[in-house]
Amino acid sequence: MTEPSRGDLFELPVRVYIEDTDAGGIVFHAKYLHYMERARTEWVRSCGVGLRAGLAENISYVVQRMAIHYAVPARLDDQLLITAEPQGYGRVWMDFKQRVLRAEDRTLLCEADVRVACVALDSGRPRRLPENMKALLESNVQTTE
């Protein structure tokens, strides 16, 4: 993976394994959440922000809200692309648009709007985004001017 720059769409390749599917070989609905979590984490990592360091500083991130639409099912052995595109941020939160695409033909399988909140690891209470995360969002959120 290469470091994304403003305007680049981050895509994480994923293959569907038997453990991801129901008895009919269709991806279980909750697995899409796992794929999206990985894509957000890898987007942050690809931009040079280490989440482990945040844990040492009592910082954690939790999904606060998600609106999801399942369009077409993914199936066993499909190769997928999972996107993570920051859309906005505030003092303690960041919003992402995420999509799950079939790699072969880029068919949209699932999409979600996700709000992730920054919390203190020890108390679970909201806390300000750390400066490195705020700077990352400032440089990657598309503004409409």
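Note that the structure is a prediction, hence the values are computed from the model and not measured.
Residues Pro73 and Val27 fail the side-chain proximity criterion, which asks for heavy atoms closer than 4.5 Å. Using a 4.5 Å heavy-atom threshold, the side chains of Asp113 and Ile68 count as separate. The shortest side-chain heavy-atom distance between Val63 and Val114 falls under the 4.5 Å cut-off.
Using a distance-only test at 3.5 Å, with no hydrogens or angles considered, a donor-acceptor pair links the side chain of Gln98 to the main chain of Thr83.
Annotation: salt bridge (Lys or Arg N to Asp or Glu O under 4.0 Å) contacts involving residues 31-41, sequence neighbours excluded, comprise Asp20-Lys31, Glu37-Arg40. Among residue pairs with one or both ends in residues 80-124, those qualifying as ring-ring contact (aromatic ring centres under 6.0 Å, His included) are Trp43-Phe96; sequence neighbours excluded. Applying the salt bridge (Lys or Arg N to Asp or Glu O under 4.0 Å) test to every pair with at least one member in residues 55-72, sequence neighbours left out, gives no pairs at all. Every pair tested for ring-ring contact (aromatic ring centres under 6.0 Å, His included) that includes a residue from residues 97-127 fails, sequence neighbours excluded, so the list is empty.
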Exercise. Starting from the C-alpha separation in whole Å, work towards a yes-or-no answer on side chain to side chain contact (heavy atoms under 4.5 Å, CB included) for Thr21 and Ile26.
Key: CA-CA 5 Å; Thr21 65; Ile26 294 174; 5.8 Å; no
Practice problem: Go through Leu101 and Thr107 one step at a time and tell me if the side chain to side chain contact (heavy atoms under 4.5 Å, CB included) criterion holds. | Solution: CA-CA 5 Å; Leu101 309 169; Thr107 296; over 6 Å; no
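In Lys134, the NZ atom is not crowded: 12 or fewer heavy atoms of neighbouring residues, nucleotides or ligands sit closer than 6.0 Å.
Smallest separation of non-hydrogen atoms from Leu80 and Val16: CD1-CG2, 3.6 Å. The two residues Leu137 and Leu129 have their closest heavy-atom pair at CD1-CD1, 3.8 Å. Minimum heavy-atom separation, Ala74 to Leu109: CB-CD1, 3.7 Å. Closest approach of Cys118 to Pro130, counting heavy atoms only: SG-CD, 4.0 Å. Listed here is the closest heavy atom pair of Leu121 and Ser60: CD1-CB, 3.7 Å.
With rounding to the nearest 0.5 angstrom, the CG atom of Leu9 is 5.5 Å from the CD atom of Glu85. From Arg99, atom CZ reaches atom SG of Cys110 across 11.0 Å, with rounding to the nearest 0.5 Å. Rounded to the nearest 0.5 Å, atoms CZ (Phe10) and SG (Cys47) are 8.0 Å apart.
Hydrophobic clustering (ILVMFWY, side-chain heavy atoms < 4.5 Å, transitive): Leu55 and Val116 are in distinct clusters. Under the 4.5 Å side-chain heavy-atom criterion for grouping Ile, Leu, Val, Met, Phe, Trp and Tyr, Leu76 is not connected to Val72 through any hydrophobic cluster. Val100 and Leu81 are not part of a single hydrophobic cluster, where members link through side-chain heavy atoms under 4.5 Å apart.
For Ala117, the side chain to side chain contact (heavy atoms under 4.5 Å, CB included) test picks out Val62, Gln64, with sequence neighbours left out. Every residue two or more places apart in sequence or in another chain that forms a side chain to side chain contact (heavy atoms under 4.5 Å, CB included) with Ala120 is listed here: Asn58, Asp122, Ser123, Arg127. For Arg106, the salt bridge (Lys or Arg N to Asp or Glu O under 4.0 Å) test picks out Glu11, with sequence neighbours left out. By the salt bridge (Lys or Arg N to Asp or Glu O under 4.0 Å) test, Asp77 pairs with no residue at all, sequence neighbours left out. Taking Val49 as the reference, Val44, Asn132, Met133, Leu136 meet the side chain to side chain contact (heavy atoms under 4.5 Å, CB included) condition, with sequence neighbours excluded. By the salt bridge (Lys or Arg N to Asp or Glu O under 4.0 Å) test, Asp105 pairs with Arg102, sequence neighbours left out. With sequence neighbours left out, the ring pair (Phe, Tyr, Trp, His ring centres under 6.0 Å) criterion links Tyr32 to Tyr70. Remark: Phe28 pairs with no residue by the ring pair (Phe, Tyr, Trp, His ring centres under 6.0 Å) rule, at least two apart or across chains.
Residues Asp78 and Arg15 are not paired through a salt bridge, judged by the lack of any N-O separation under 4.0 Å between the basic side chain and the carboxylate.
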